[in-house]
Amino acid sequence: MRIALVGDIGRYALHDGPGIRTTVFFKGCPLCCPWCHNPEFRSPFPEVAFYASRCIGCGDCMPACPEGAIDMERPGLIDRNLCNGCGICVQVCPGRALELVGQEYEVESLLEILLRDRLFYEISGGGITLSGGEPTAQMDFVGLLLGRLKGEGINTAIETNGYFPWSVFAGILLDYLDLVLFDVKLADPAEHRRIIGVDNGVILANLARLIELRPDDVVVRVPLIPGYTATEQNITALADRVRALGVKRCSLLPYHPYGLSKAEHVGLAVDSSLPEKPLGPKEVARWRQFFDWAELVEP
Ligand code: SF4
Ligand code: SF4
């Protein structure tokens, strides 16, 4: 696959691996974490984000929509069942209240953008991080891109949910990766299925294989989500599990409500049990103690 759907490209990122980085957010993720901080990249299709605060109510978008998906009386404006993501409404909106999330790139056109900041990567020890969504959901393209980046001598990292076919990942991605930021969330398989929608057996098996091959190049990341992952039972079990696998480096990702409003912009339901405030430093310090055997890497 030589074309990928990309949700965004973030330049000058400081938290997605070492140094100054450019982060590519691929569209599409097979998991459905209620706390997702990038819910606008979950769908594998282009979609329109609506920002009510910028809408001047002119109504220009309504007749422009070929699918009749826009209703000025409707909260959120867009009927997501009718919208096909064509983006015509975005072009006519004078208030920039509508934005298309998802743009197609060929490997070469994306590479050209990513190499623009090569100097920053070189002076800071940075590089490129592939994120999402889930980058391995577009594995063929990502393999081609990583191969080209390595050919250019660029440091590469991937942020993954770990839910991928191991043979494909190991066959076409792993050799081109300097760092794997690997998320684990819930230890209990039934809870993982119930809350996130897929089994965690595949994820933990992939982590075990990865640690066996590249123990120094993996950081296990644990999101600290009140009421979901940040419970004594889950954190104890997760910490024990990844320690037993031989994981050396971990990173704890404190909950932030940032994703909630982003979900609303693309018409996704928001989990009302999630707090409106970020997780405080005291809580984070508490959970860090469970990982005192690991090198804790700042997110
Ligand atoms: S993206 Fe296309 S189909 Fe969707 S609301 Fe806009 S104009 Fe209508
Ligand atoms: S065109 Fe833009 S500003 Fe005008 S009603 Fe539609 S969303 Fe609002």
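Counting starts at 1 for both ligands and their atoms, following the listed order.
Taking a cut-off of under 4.0 Å to the non-hydrogen atoms of Gly87, the atoms of ligand 1 that pass are 1 (S), 2 (Fe). Residue Cys89 approaches ligand 1 through these ligand atoms, each under 4.0 Å from one of its heavy atoms: 1 (S), 5 (S), 6 (Fe), 7 (S). Close contacts of ligand 1 with Gly85, meaning ligand atoms under 4.0 Å from a residue heavy atom, involve 1 (S), 4 (Fe). Atoms of ligand 2 lying under 4.0 Å from at least one heavy atom of Leu77, given by number and element, are 7 (S). For ligand 2, the atoms lying closer than 4.0 Å to a non-hydrogen atom of Cys93 are 1 (S), 2 (Fe), 3 (S), 7 (S). Of all atoms in ligand 1, numbered sequentially from 1 with element shown, those under 4.0 Å from a heavy atom of Val48 are 1 (S). Listed by number with element, the atoms of ligand 2 under 4.0 Å from a non-hydrogen atom of Leu98 are 7 (S). Against a heavy-atom cut-off of under 4.0 Å, Met72 is close to the following atoms of ligand 2: 5 (S). Counting atoms of ligand 2 from 1 in the listed order, those under 4.0 Å from a heavy atom of Gly59 are 4 (Fe), 5 (S).
By the 4.0 Å heavy-atom criterion, Ala64 is excluded from the residues contacting ligand 1.
Not a single N/O/S atom of Cys65, whether from backbone or side chain, sits less than 2.8 Å from atom 4 (Fe) of ligand 1. Residue Cys58: an N/O/S atom is found under 2.8 Å from atom 4 (Fe) of ligand 2.
Here the protein heavy atom with the shortest distance to atom 3 (S) of ligand 2 is Ile56 N, 3.4 Å. The nearest heavy-atom contact from the protein to atom 6 (Fe) of ligand 2 is Cys61 SG, 2.4 Å. Shortest contact from atom 8 (Fe) of ligand 2 to any protein heavy atom: Cys55 SG, 2.4 Å. Ranking the protein heavy atoms by distance from atom 4 (Fe) of ligand 1 puts Cys83 SG, 2.4 Å first. Regarding atom 2 (Fe) of ligand 1, its nearest protein heavy-atom neighbour is Cys86 SG, 2.3 Å.
Separation of the Trp35 and Tyr255 ring centroids does not fall under the 6.0 Å cut-off. Phe26 has its ring centre no less than 6.0 Å from the ring centre of Phe41.
No side-chain donor from either of Thr22 and Arg11 sits under 3.5 Å from a side-chain acceptor of the other. For the residue pair Asn155/Arg21, the side-chain donor-acceptor check at 3.5 Å is satisfied. For the residue pair Thr229/Asn234, the side-chain donor-acceptor check at 3.5 Å is not satisfied.
Taking a cutoff of 4.0 Å between a charged side-chain nitrogen and a carboxylate oxygen, Asp217 and Arg214 qualify as a salt bridge. Lys277 has no carboxylate O lying under 4.0 Å from a charged side-chain N of Glu283, or vice versa, which leaves the two without a salt bridge. A salt bridge links Asp178 to Lys150: one of the charged nitrogens lies within less than 4.0 Å of a carboxylate oxygen. Between Arg148 and Glu108 there is a salt bridge, with a side-chain nitrogen of the basic residue lying less than 4.0 Å from a carboxylate oxygen of the acidic one. For Asp183 and Arg221, the salt-bridge test passes: some basic side-chain N is under 4.0 Å from an acidic carboxylate O. Using a cutoff of 4.0 Å between basic side-chain nitrogens and carboxylate oxygens, Arg42 and Glu134 are not scored as salt-bridged.
Contact annotation for Asn84 and ligand 1: heavy atoms of both the backbone and the side chain come within less than 4.0 Å of the ligand. Proximity of Ile70 to ligand 1, defined as any heavy-atom pair under 4.0 Å, is confined to the side chain (atoms from C-beta onward).
Relative to the ring axis of Tyr121, Arg118 does not place its NZ or CZ within 45° and under 6.0 Å from the centre.
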